[in-house]
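Working notes, beginning with the structure itself.
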There are 2 protein chains.
Amino acid sequence: EIVAGLSELLDEGEPAPLPAAGLTITITAGPTREALDPVRYLSNHSSGKMGYALASEAAALGARVRLISGPVALPTPPGVERIDVESALQMQGAAEAALQDSQVFIGCAAVADFRPAAVAEHKLKKQVGEEQMQVHLIRNPDIIAGIAEQSQARRANGQPAPLVVGFAAETRDVLRYARDKLTRKRLDMIVANDVSTPGLGFGSDSNAATLVWRHPGQANDRLHEQAIAACPKIALARAILERALA
Amino acid sequence: EIVAGLSELLDEGEPAPLPAAGLTITITAGPTREALDPVRYLSNHSSGKMGYALASEAAALGARVRLISGPVALPTPPGVERIDVESALQMQGAAEAALQDSQVFIGCAAVADFRPAAVAEHKLKKQVGEEQMQVHLIRNPDIIAGIAEQSQARRANGQPAPLVVGFAAETRDVLRYARDKLTRKRLDMIVANDVSTPGLGFGSDSNAATLVWRHPGQANDRLHEQAIAACPKIALARAILERALA
């Protein structure tokens, strides 16, 4: 009887369930590396910090978090399931495998748009006197657009499908590009940020952004926007997740 | 009198001077990054570990160490003066400024052979329907060959000049490429290592190498060689420095 009473007391003391409890959130983060040969690659300045902040916050909100990560120098946040990839094609494979059981998919990785058309098996030797070189690049798949397309198709069929969130990192006309990207790629939400501001964005611990979203099923001309002033990436991550879970 | 006696005792107790005491050793390390636009770059898999091991060992041997480093995720070894650079052109500038007061110059950086001919001021936008892209690359300066040339010229004029040590990281025909590189670039010594061996070379903590050298003033057909079996990079660094200081 005492034990039963104690148990009731403890039950009353239990906190409300966390807002993302029971949800699976898949996040891509970091750059991709596109090999030219065994030693050379094409990449970009993404540090992975924004995606890792999202993973950390999503786990803190109670979600099961799957983090698909390009090569970065960051520790895995506690409680997060991390899948390491290098190239855009590898990231696409991991992302598509994660689509079916995710309720939220956030494409935060800076995926290389292009990759070398051919990967040399051995290190390319420069030739004496060779002063120029042409690298032939081909388009990488647009991972987030593919995920959004599959998500929309599942939704249209009445199947469960993740809310799809993308990022637009630009150095000019940020909002215009972001709205266009949201519509063209059929995303549910996009995080528009200006990476040309010193101290913000790539490599930095802070970020400023505008969230642009539409409610699933709403027309593309009914966009909502919310500006978020410069803040630590972890705070921006929280704001993005709160909006995505609203 | 007691103080004088004590001083004599202490003098007797002093260790022999360190083998590199009074010498300045300049070392380049890590990859270079060659910008395509504000976010994209071309780079390579150099972790910087070998160059940093050399810097650490050179400092331990008593040298003044100047470490010209591309972007890596490594702490600066104690007592080492580190100069951070990104591109090959920046690394060349720092290397040439260091030539005059160095007794040993070790080019361990994996300098990008080519850089984009033009750097876009704003992030390149991919165009809808654009499935291919050509990147026009131009040859970067050969930093170590330039340093070796200037060093040989100084030596010929009776001026002090550094011993110049290069690296050859190859995936095949390692020794053949290394001997050719030593001769063609007029280096005093080259460290030939096979980066195709799993667990050795790029990104690894271990390395195996063959040192190839000629004595300053000796003909190119009088090459000496010393194979060093797989060992921690710090041990290889010590072997390279012992050979360079011999």
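Throughout, protein chains are lettered first and strands after them, A, B, ... in sequence-line order, and every chain is numbered starting at 1.
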Between A/D113 and B/R40, is a side chain to side chain contact (heavy atoms under 4.5 Å, CB included) present by the stated rule, with each step listed?
-> CA-CA 10 Å; A/D113 296 333; B/R40 296 183 180 83; 2.4 Å; yes
Could you grab the distance from atom [atom1] of [X] to atom [atom2] of [Y], nearest 0.5 Å is fine?
{"X": "B/L137", "Y": "A/Q134", "atom1": "CG", "atom2": "CD", "value": "7.5 Å"}
{"X": "B/E34", "Y": "A/L42", "atom1": "CD", "atom2": "CG", "value": "12.0 Å"}
{"X": "A/R139", "Y": "B/Q132", "atom1": "CZ", "atom2": "CD", "value": "11.0 Å"}

Should we count CD of A/Q226 as having more than 12 external heavy atoms under 6.0 Å?
-> yes
May I ask you to list the residues in residues 68-87 of chain A that approach chain B closer than 4.5 angstrom, counting heavy atoms only, ordered by number?
-> A/A73, A/E86
Decide yes or no on side chain to side chain contact (heavy atoms under 4.5 Å, CB included) for B/L36 and A/N44, but give the supporting numbers first.
-> CA-CA 9 Å; B/L36 270 85; A/N44 64 64; over 6 Å; no
